[in-house]
There are 2 protein chains.
Amino acid sequence: MVKHRANIKDVASRAGVHPSTVSRVLNPATRSMVSEDLAAEITRIANELGYRRNPLASGLRTQKSYTVAIVIPDLTNPVFPPIVRGVEHTLDAHGYNAILADSGSKQRSEKGIIENMKARQIDGLILAAARRKDPIVNDCIEEGIPLVLVNRTVDNHNVAAVINDDELGIELALKHLIELGHRCIAYIGGPQNTSTGYTRYRTFLKMLKTFDLPVDRDLIVNAKAYTEPAGQAALEHIMGYEKKFTAILTANDLLALGCYDAINEHGLNCPMDISVTGFNDMPYVDRFNPPLTTLHIPLDELGVQAALLLLERMQNPGALAKQIRLAPHMVIRESTTSPAENTPPNK
Amino acid sequence: MVKHRANIKDVASRAGVHPSTVSRVLNPATRSMVSEDLAAEITRIANELGYRRNPLASGLRTQKSYTVAIVIPDLTNPVFPPIVRGVEHTLDAHGYNAILADSGSKQRSEKGIIENMKARQIDGLILAAARRKDPIVNDCIEEGIPLVLVNRTVDNHNVAAVINDDELGIELALKHLIELGHRCIAYIGGPQNTSTGYTRYRTFLKMLKTFDLPVDRDLIVNAKAYTEPAGQAALEHIMGYEKKFTAILTANDLLALGCYDAINEHGLNCPMDISVTGFNDMPYVDRFNPPLTTLHIPLDELGVQAALLLLERMQNPGALAKQIRLAPHMVIRESTTSPAENTPPNK
DNA sequence: CGGTGTTTAACCATCGATTGATCACAGGCA
DNA sequence: TGCCTGTGATCAATCGATGGTTAAACACCG
């Protein structure tokens with residue numbers, strides 16, 4: 001005889017009441033409709049029987065699934081796991097489950113993901129890598145699915161998001177390099193269809209002016225993607241001009257890693273010949289050769305905040321779309337040094 | 001007017017048939033109960049209306065959710081993301097969703113996770129880091145929840161699992177070190193309550209005999225956990241004996257990383273003074289200083305196979321529990337070298 | 001043409017929880 | 001005593017899909 005899981009009817013009959021009464025007791029919002037004594041008694045019996053609400057049945061009736069989806073482009077990018085973990089833990093603490101959708105190599109279009117989400121009555125969506133004009137965002141808004149962006153945002157500022165302060169980040173990195181004595185600073189940015197790529201690029205240009213540094217277009221390249229090969233290719237491109245520069249400010253740790261490759265290819269040394277800064281402080285960059293000077297972003301916290309924001313929005317879908325912005329800080333390691341000792345990169 | 005998602009009744013009334021007829025048509029197993037012509041017509045209409053089965057309702061009725069849980073101890077350990085990705089993609093291709101349960105810092109007991117899974121009608125479970133005697137495994141078996149272990153297995157061999165060939169791995173690593181000329185080889189293993197920790201340790205001892213090397217217990221330590229601090233502590237412990245050794249074989253990349261720390265602390269150099277091998281070839285170990293010689297495990301493939309195995313078991317729960325074993329191979333980088341040039345570690 | 005056998009599709013209860021409508025009953029007040 | 005009010009619990013419909021059972025339609029045959 002299979003010990004079948006107690007359902008609401010079991011609890012009701014055991015307590016000698018109607019299932020609906022049990023339902024009301026167990027739902028905080030309706031508990032007041034039932035007398036205190038009975039409520040206590042029913043709660044006791046429910047615990048005794050080990051009753052758990054069946055989320056499928058409940059969800060069918062209420063159109064809620066207590067499940068949210070996290071869409072990320074590639075879980076193996078070390079930036080995302082901490083975010084996902086932060087999201088997952090926070091949601092879990094609130095009784096929500098997280099289903100993971102790695103959109104990267106997914107053959108289904110993003111539209112397909114949304115379809116799936118809708119069919120499954122997903123209560124909300126966390127999108128970890130939106131593009132600046134991302135159709136998925138409009139889909140969500142049209143469909144009325146609560147959405148929170150994390151890490152990157154979109155041009156339309158009416159979407160809730162948890163991002164980091166890119167302006168501050170670029171400023172900090174540039175300041176750091178300037179303080180070390182660098183004047184000729186190359187920039188390798190990210191794809192311009194991402195908010196981070198765009199903002200960091202614009203800020204870099206602005207900050208050059210602010211700090212009264214020369215702007216040389218040949219030293220500024222936006223990589224095609226936030227990947228090592230793209231970073232390497234970008235730096236190769238810059239080096240092709242054979243111009244002098246003593247430092248590279250990159251918009252992303254993986255791009256910085258690509259720079260390492262290009263620098264090594266040319267028989268040069270980081271940081272002796274060229275200083276490099278990253279962005280994100282993803283796990284293990286302190287282990288690289290050399291350990292990367294970069295901007296630390298509280299990735300866990302990003303995830304936690306995104307989850308909280310989503311919970312808030314699911315409770316109150318009409319609320320104004322908040323944008324939360326976390327401040328990065330500089331972590332100085334060994335990929336940057338003063339250019340005094342630099343030999344100019346030559347070929 | 002909200003354009004509400006077409007349900008089975010909409011399709012039925014549009015086709016002028018009863019909902020159950022539609023249901024039968026859309027279920028491959030029962031399609032034969034309906035005439036071909038009508039089936040075709042219903043399929044056409046369903047597509048036209050963009051009908052998607054509601055998994056909640058369907059699951060409520062059939063006790064299936066088309067959802068699988070992946071339980072991992074810590075997503076930020078770089079070993080797991082590739083596995084998770086492999087699992088997720090494979091499941092997705094078969095119409096299943098994956099919900100992620102990061103058990104590590106989860107306050108709920110593992111029992112709690114199982115409870116949650118059961119309540120949600122989870123169809124199956126993939127457990128990425130079982131301990132050798134893991135209560136969760138028995139729970140699953142008792143509850144009849146299809147279960148597949150990945151990466152680690154349990155003592156009870158009646159459980160489906162996808163693991164890698166630990167014996168082969170240790171043999172390859174040891175052979176590599178011996179071929180370089182090492183004779184005094186330390187070993188830093190993992191927790192003995194994990195199958196990997198246990199098997200690798202036993203195999204190391206066995207292989208020492210096979211290769212006719214001396215067994216010095218002082219050079220053999222099993223770390224408390226697969227973490228960098230634990231690896232560092234283990235090596236510190238070994239170094240406390242001030243015995244000679246020229247290489248360390250570790251059972252895990254993170255342990256190897258901890259060894260780097262201890263080696264550096266003592267003012268020594270890897271590989272010049274001490275060679276180190278890892279195990280797993282987790283992402284970015286090729287970037288470390290020095291790039292780590294380690295055993296490559298096809299982590300993605302591990303995930304894919306685990307997902308396939310689970311799908312199989314969910315279809316046919318009675319089937320025999322298969323164990324799949326993937327072969328690792330050696331990736332030689334710069335953390336190992338011949339001891340000829342070594343200066344013996346002294347203090 | 002009536003009887004039997006076989007498809008084919010409709011009917012309806014069901015999964016478990018929720019909720020608007022409804023009823024029972026106690027107490028208050030004239 | 002009779003009527004009203006309000007609290008507290010029950011009734012019954014519902015969410016969408018499914019599947020065992022049953023009715024209808026049709027073919028076949030003596």
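Lettering of chains follows the sequences in order, A, B, ..., and the numbering in each one begins at 1.
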Taking distance alone, no hydrogens or angles, what donor-acceptor pairs closer than 3.5 Å link side-chain atoms of residues 300-308 of chain B to residues at least two apart or in another chain?
{"residue": "B/D300", "atom": "OD1", "partner": "B/R85", "partner atom": "NH2", "Å": "3.4"}
{"residue": "B/D300", "atom": "OD2", "partner": "B/R85", "partner atom": "NH2", "Å": "3.2"}
{"residue": "B/E301", "atom": "OE2", "partner": "B/Q305", "partner atom": "NE2", "Å": "2.8"}

Donor-acceptor list for residues 50-61 of chain A side chains, cut-off 3.5 Å, not counting sequence neighbours:
{"residue": "A/N54", "atom": "OD1", "partner": "A/L56", "partner atom": "N", "Å": "2.8"}
{"residue": "A/N54", "atom": "OD1", "partner": "A/A57", "partner atom": "N", "Å": "3.2"}
{"residue": "A/N54", "atom": "ND2", "partner": "B/Q121", "partner atom": "OE1", "Å": "3.4"}

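A rotation axis mapping the C1' atoms of four pairs onto the next four is fitted at both ends of the helix from C/dC1-D/dG30 to C/dA30-D/dT1 over five pairs, and the angle between these axes is 70° to 10 degrees.
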N/O-N/O pairs, protein side and nucleotides 21-27 of chain C side, under 3.5 Å:
none

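Contacts between residues 51-60 of chain B and DNA chain D, defined by a heavy-atom separation below 4.0 Å, involve B/Y51, B/R52, B/R53, B/N54, B/A57, B/S58, B/L60, listed by number.
B/T21 is linked by a side-chain hydrogen bond (donor to acceptor under 3.5 Å, both in side chains) to nothing, counting only residues two or more places apart in sequence or in another chain. Take B/K64 and apply the salt bridge (Lys or Arg N to Asp or Glu O under 4.0 Å) test, not counting sequence neighbours, and it matches no residue. With sequence neighbours left out, B/E48 forms a side-chain hydrogen bond (donor to acceptor under 3.5 Å, both in side chains) with B/R14, B/R44. Residues satisfying the side-chain hydrogen bond (donor to acceptor under 3.5 Å, both in side chains) test with B/H94, not counting sequence neighbours, are none. B/K9 is linked by a side-chain hydrogen bond (donor to acceptor under 3.5 Å, both in side chains) to nothing, counting only residues two or more places apart in sequence or in another chain. B/N193 is linked by a side-chain contact (heavy atoms from CB on, under 4.5 Å) to B/R131, B/P191, counting only residues two or more places apart in sequence or in another chain.
The list of side-chain hydrogen bond (donor to acceptor under 3.5 Å, both in side chains) pairs with a residue in residues 26-39 of chain B, not counting sequence neighbours, reads B/R31-B/T43.
You'll find the side chain of A/V68 stays beyond 4.5 Å of the side chain of A/L125, heavy atoms only.
We find that CD1 of B/I8 is positioned 15 Å from C1' of C/dT14, with the value rounded to whole Å.
Each of B/R61 and B/V34 was assigned the nucleotide of DNA chain C with the nearest heavy atom; the assignment lying further toward the 5' end belongs to B/V34. Map B/L26 and A/V17 each onto its nearest nucleotide of DNA chain D; the residue landing nearer the 5' end is A/V17.
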